[in-house]
Peer 1: 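Handing you this structure, nothing more for now.
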Amino acid sequence: MSGAEALWQSMGIANMTWGQLLMMLVGCLLIYLAVARKFEPLLLLPIGFGAILSNIPEAGIADAGGLLYYIYHIGIETGVFPLLIFMGVGALTDFGALIAMPSTLFLGAAAQFGIFATLIGALTLNMIPGFNFSLADASAIAIIGGADGPTAIFLASRLAPDLLGAIAVAAYSYMALVPIIQPPIMRLLTTEKERSIVMSQLRPVGRLEKILFPFTVLLLCILFLPSAAPLIGMLMFGNILKEVGVVDRLSRAAQNEIINIVTIFLGLAVGSKLSADKFLTLDTLGILALGAIAFCIGTAAGVLMGKAMCKISGGKINPLIGAAGVSAVPMAARVVNKVGLESNHHNFLLMHAMGPNVAGVIGSAVAAGVLLAIVGN
């Protein structure tokens, strides 16, 4: 081989496949959505750039020995990154709205219905030639319905590591598309009168209540569902750092430096699984479709539970807040507030929606613990 031929063979243009080019364009699309449309930019920007890096021919960035390979192996396969993210989420979360209105726990629980409905759907998909999802695979896919990326990654790393890339991308993609997916479902299932309901102001929540809450949740987890302890434990630990008020440096670190660094690496690691040879498969298409169904079912179940609670309360609860039961914090709550304002310009539902929103975070972790306890063993 001549020097010119060797040089040509080392170039990306000589080794580029249509699949790699397509996945690079997908990465560019994710970056566009992050920058131009501001859809979850903290997540989609590093995921999109990771997709571009992992599809560069001959670079081997995502292959064994490459930077993204080690980031993925250390942080994703071990489940460390999702747990650190949960600690940061806990430090950023105010459970006051949930404590002030404990009944919103039912809305967070109802929104997890999509998870278990999709588990059945994934197993049913095996009737189509080409699909062969095990019960563990179906459980990992179903968790996408909770719209909780860290939980989806944690469960997939335990039950279906081969599908982790597609599951993580689907989970974070649907989290980013909350403002597009949820409003039509919310309008379809509610009337103009229901969407216009103005809820009464929440009662003030004391500091002692906020400190005791994470210990109470952790105690219940210890007694009834220890398999969810990694997720629940780190979430509540982060919240304790915030609420006790004596470790501000640790709380700020969890809220800023730690979660920011982990988010960068987690996004790049997830993007590394968007390489053409791993992503352009029939299973991936099935996972994306099932994830969308799971998310829609979860949103619908939350709204329907909200309608039931509205009737039981005599019209005091706006059923829109049930859509915030999916754990996309705080975007789902913001979407609820936006749709509520469309029907009544004086209807501010943000704080009321934060109750089911943070309940959804706990609910998705509990659902993951249940699936891990049943299927993991």
Side-chain angles (χ1 to χ4, degrees), residues 19 22-23 25-27 29-30 33 39-40 43-44 47-48 50-51 54-55 62 72 76-77 79 81-82 111-178 180-181 266-267 269-300 326-328 364 367-368 371-372 375-376:
L22 175 61
M23 294 312 299
L25 292 176
V26 170
L29 175 62
L30 295 177
L33 293 174
F39 288 172
E40 290 287 345
L43 297 170
L44 292 193
I47 290 176
S54 63
N55 284 284
Y72 181 87
I76 302 294
E77 284 188 350
F81 283 172
Q112 310 311 313
F113 178 77
I115 294 174
F116 298 98
T118 307
L119 187 153
I120 299 173
L123 295 176
T124 305
L125 201 60
N126 289 334
M127 298 173 64
I128 301 176
F131 290 102
N132 187 27
F133 292 131
S134 66
L135 181 58
D137 294 339
S139 300
I141 294 168
I143 203 69
I144 297 172
D148 190 336
T151 301
I153 290 175
F154 178 81
L155 189 64
S157 67
R158 297 292 190 273
L159 299 182
D162 293 340
L163 302 177
L164 196 152
I167 290 171
V169 170
Y172 279 115
S173 297
Y174 293 128
M175 283 176 64
L177 295 175
V178 163
I180 295 176
I181 296 175
L266 184 144
V270 170
S272 72
K273 289 302 175 181
L274 286 177
S275 57
D277 59 325
K278 298 173 183 176
F279 195 81
L280 295 178
T281 64
L282 185 62
D283 283 353
T284 298
L285 296 177
I287 289 170
L288 292 174
L290 287 168
I293 294 171
F295 185 68
C296 291
I297 293 175
T299 300
V326 297
S327 56
S364 64
L371 292 173
L372 195 59
V375 181

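Throughout, residue positions are numbered sequentially from 1 according to the sequence presented.
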Peer 1: What is the distance from atom CG of D283 to atom CG of D162, rounded to the nearest 0.5 Å?
Peer 2: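 CG of D162 is found 10.0 Å from CG of D283.
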Peer 1: Taking all non-hydrogen atoms of both residues into account, name the closest pair between A142 and I115 and its distance.
Peer 2: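 In terms of heavy atoms, the two residues are closest at CB-O, 2.9 Å.
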Peer 1: Looking at every heavy atom in both A156 and A140, which two are closest together, and how far apart are they?
Peer 2: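 Closest pair (atom of A156, atom of A140, distance): CA-CB, 4.0 Å.
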Peer 1: Which atoms form the tightest heavy-atom contact between A122 and A138, and what is the distance?
Peer 2: CB-CB, 3.5 Å
Peer 1: Rounded to the nearest 0.5 Å, how far apart are CD1 of I297 and OG1 of T118?
Peer 2: 4.5 Å
Peer 1: Is it true that a side-chain atom of Y72 and a backbone atom of G271 form a donor plus acceptor pair closer than 3.5 Å?
Peer 2: no
Peer 1: What's the verdict on side chain to side chain contact (heavy atoms under 4.5 Å, CB included) for I143 and D148, showing C-alpha distance, side-chain angles and the deciding distance?
Peer 2: CA-CA 8 Å; I143 203 69; D148 190 336; over 6 Å; no
Peer 1: If every non-hydrogen atom of L123 is compared with every non-hydrogen atom of S134, which pair is closest and at what distance?
Peer 2: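 Reported closest heavy-atom pair: CD2-O, 4.0 Å.
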Peer 1: Measuring from Y174:OH to I180:CD1, what's the distance to the nearest 0.5 Å?
Peer 2: 12.0 Å
Peer 1: Shortest non-hydrogen contact from M175 to L43?
Peer 2: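 Nearest heavy atoms, M175 then L43: CE-CD1, 4.2 Å.
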Peer 1: Do side-chain atoms of D137 reach the backbone of A160 as a donor and acceptor pair under 3.5 angstrom?
Peer 2: no
Peer 1: I144 and side chain to side chain contact (heavy atoms under 4.5 Å, CB included): which single residue from I287, I293, L290 fits?
Peer 2: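 Going through the options one by one, the only one that passes is I287.
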Peer 1: Considering all heavy atoms of both residues, which atom of A328 and which atom of V178 are nearest to each other, and what is their separation?
Peer 2: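 Shortest heavy-atom contact: CB-CG2, 3.9 Å.
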